[in-house]
Amino acid sequence: MNRQKETILRFNLPTRLGHGTIVIFSILLFITGSSLIFTSFANLFSNSVLRTFLGIHRFSGIAFTLAPIIFLVLLGWRHTKEWLREIFNWSNEDLKFIAGFPKNFFGFKAETPPQGKFNGGEKLNSILQIFGWVVFITTGWIMYLNIFSATIFGWARVIHSFAALALGGIVIGHAFLGLFHPDSKESINGMLGGYVCKKWAKEHHALWVADIEKKPQTEAKETIGGVAHG
Amino acid sequence: MAKWGMVLDLTRCAGCYSCIVSCKLENNTRPGVNWNDVQKVEWGNHPDANQAFMLTLCMHCDDPPCAKACPTGATFKRSDGIVMTNYERCIACGYCLTACPYDARQINTKDVYNFGEPAPYELEGSVHLGVAEKCVFCYHRVDNGKMPACVTNCPGKCRIFGNLDDPNSEINQYIQANNTFHIKGTSIYYILPEKMSVDELPTDLIQPGYLSALEKFAHPVGKGILGLTTAAVAGGLIMNTVKGGGKNNE
């Protein structure tokens with residue numbers, strides 16, 4: 001991050017650790033799980049590699065289950081609570097942002113109203129990822145434990161596979177926006193070091209920055225489990 | 001091309017378990033692993049009490065759910081109807097076990113032999129470990145013009161194996177000459193002892209609904225969504241590179 005710029009704390013340490021852990025294990029789960037869906041992909045690997053994939057998939061599933069609980073609930077609940085409150089609080093501004101999103105995604109100019117800490121697209125993505133996490137761990141553990149009927153096992157596989165493919169696509173889009181899209185790639189700095197450029201934050205999350213500037217400066221530092229406002 | 005099938009004439013079965021023993025020896029299965037089964041069935045009360053033996057094995061389904069469920073293509077159906085597993089491709093995910101309506105498959109993970117140390121005969125041929133195994137109609141014998149081991153070694157001659165596509169085959173003549181119950185959707189026929197309820201028989205093959213959902217919805221639609229989003233990302237990457245970004249370039 002360029003320290004010459006004025007920055008603002010966007011995500012605290014537990015959130016970043018939680019996000020980072022989920023990212024690592026999601027990638028492992030997606031690659032290893034693909035060998036159970038795409039036969040042509042499975043055919044690239046030997047039996048022992050595929051068996052290792054299956055082992056990694058099962059282990060990663062455990063980590064994927066625990067990571068949000070440890071980092072987002074146990075260590076960072078205060079910040080997680082704020083996040084949850086925000087993403088389920090929808091306004092017309094969020095809908096207008098989503099309406100303009102496709103144009104902006106492909107590099108066209110789109111007028112969008114000022115956004116809070118999370119814009120409409122981030123809210124929608126957050127809700128989908130939370131929903132996906134619940135679906136993945138429920139169906140994944142049903143298959144892992146295999147203590148229910150064959151019918152429940154079979155339907156768990158259907159839902160697990162579909163969710164993986166559909167949400168996998170959304171996650172690819174999410175990664176593109178965070179890493180490569182010229183309009184939003186600054187946000188990756190928030191997930192890596194915690195801080196983002198204040199100028200960028202004002203342009204993209206004006207309501208959030210305005211809200212922070214109203215607050216006393218004592219809250220402007222990063223603490224584990226503490227506030228994430230800079 | 002032949003379509004192999006089997007008649008199990010329960011009126012001739014004495015419950016000697018020769019089929020199980022001969023299968024174990026022929027296919028070299030581990031302790032506790034049986035590719036076919038014999039279960040005693042009793043009905044009625046004294047003085048009309050009756051007993052018979054129900055024989056079960058892989059039903060070699062016409063459209064096998066285990067093959068549909070297999071993610072690596074390890075399980076497949078040969079053109080002659082024998083449902084096979086390529087153990088080199090099986091990763092023991094267990095999907096086929098749950099998909100099989102007849103519980104014909106099992107995965108043994110215990111690396112044990114009958115007498116502690118492996119006896120010389122136990123190391124001959126296939127020694128299965130950690131794979132989804134089941135009856136393969138002794139394809140290695142059938143391909144060489146022989147009968148499956150359980151058929152050859154049945155002293156009561158209650159197993160009739162042959163080509164269902166040949167109207168003159170022994171199995172088709174046996175089916176025509178007897179009151180046979182075909183387990184629909186499979187390659188297996190039964191002949192029941194007098195008064196034995198047909199309810200004791202395995203059910204006709206019913207394809208599990210979730211396999212159709214997986215095959216016709218979850219995988220194609222899910223792959224479509226993944227493909228569309230990936231294409232959109234590629235398009236976004238190209239467009240943003242060409243146009244030099246959206247409204248605010250940092």
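Remember, it's a predicted structure, so these values are computed and weren't measured experimentally. Here is how names work: the chains are called A, B, and so on, in the same order as the sequence lines, proteins then strands, and each is numbered from 1.
- Counting non-hydrogen atoms of neighbouring residues, nucleotides and ligands closer than 6.0 angstrom, the CZ atom of F131(A) reaches no more than 12 such neighbours.
- Nearest heavy atom pair, residue L165(A) against residue H219(B), reads CD1-O, 3.9 Å.
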Intermediate values then yes/no, side-chain contact (heavy atoms from CB on, under 4.5 Å), L226(B) and F38(A): CA-CA 12 Å; L226(B) 181 65; F38(A) 298 97; 4.0 Å; yes
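- Taking a 6.0 Å sphere around CZ of F45(A), one finds it holds more than 12 heavy atoms contributed by other residues, nucleotides or ligands.
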For side-chain contact (heavy atoms from CB on, under 4.5 Å), just list the numbers for T72(B) and N47(A), CA-CA rounded to whole Å, side-chain angles, deciding distance to a tenth of an Å, and then say yes or no. CA-CA 9 Å; T72(B) 64; N47(A) 184 291; over 6 Å; no
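- With a threshold of 4.5 angstrom between heavy atoms, S48(A) does not approach chain B through any atom at all.
- Between chain A and the options T229(B), T98(B), I225(B), the largest number of non-hydrogen pairs under 4.5 Å is found for T98(B).
- Atom CD1 of I91(B) and atom CG of L50(A) lie 5.5 Å apart (nearest 0.5 Å).
- Contact of A74(B) with chain A is not made at all, since no heavy-atom distance falls under 4.5 Å.
- Looking at S161(A), the atoms closer than 4.5 Å to chain B (heavy atoms on both sides) all sit in the side chain, from C-beta outward.
- In this structure, F105(A) and V233(B) have side chains that are in contact, with non-hydrogen atoms separated by less than 4.5 Å.
- For F53(A), no part sits under 4.5 Å from any heavy atom of chain B, backbone or side chain.
- Heavy-atom distances place no part of A99(B) under 4.5 Å from chain A, backbone and side chain included.
- For F180(A), the part lying near chain B is the side chain, with the backbone staying farther off; criterion is any non-hydrogen pair under 4.5 Å.
- Looking at S46(A), only its backbone comes within 4.5 Å of chain B, counting heavy atoms on both sides.
- At most 12 heavy atoms of other shown residues, nucleotides or ligands fall within 6.0 angstrom of atom CD in E88(B).
- Heavy atoms of other residues, nucleotides or ligands lying less than 6.0 angstrom from NZ of K77(B) number more than 12.
- Atom CG of L145(A) sits in a crowded spot, with more than 12 heavy atoms from other residues, nucleotides or ligands closer than 6.0 Å.
- Taking 4.5 Å as the limit, some side-chain heavy atom of R157(A) sits within range of a side-chain heavy atom of P71(B).
- In this structure, the portion of R58(A) lying under 4.5 Å from any heavy atom of chain B is its side chain and not its backbone.
- Between D183(A) and N240(B), the closest side-chain pair of non-hydrogen atoms is not below 4.5 Å.
- Of the two parts of I37(A), the backbone and the side chain both hold a non-hydrogen atom closer than 4.5 Å to a non-hydrogen atom of chain B.
- Chain A forms more heavy-atom pairs under 4.5 Å with one residue of T230(B), L228(B), L237(B) than with any other, namely L237(B).
- Across every non-hydrogen atom of F176(A) and G236(B), the tightest pair is CZ-C, 3.6 Å.
- Only the side chain of F153(A) comes within contact range of chain B, with at least one heavy atom under 4.5 Å from a heavy atom of that chain.
- Both the backbone and the side chain of N43(A) come within contact range of chain B, each with at least one heavy atom under 4.5 Å from a heavy atom of that chain.
- Remark: F59(A) CZ is loosely packed, at most 12 non-hydrogen atoms of other residues, nucleotides or ligands lying under 6.0 Å away.
- If you measure heavy-atom distances from F148(A) to chain B, you find no contacts under 4.5 Å at all.
- Nearest approach of R51(A) to A92(B), heavy atoms of both residues: NH1-CB, 4.0 Å.
- When all heavy atoms are compared, the tightest approach of M239(B) to F108(A) is CE-CZ, 3.3 Å.
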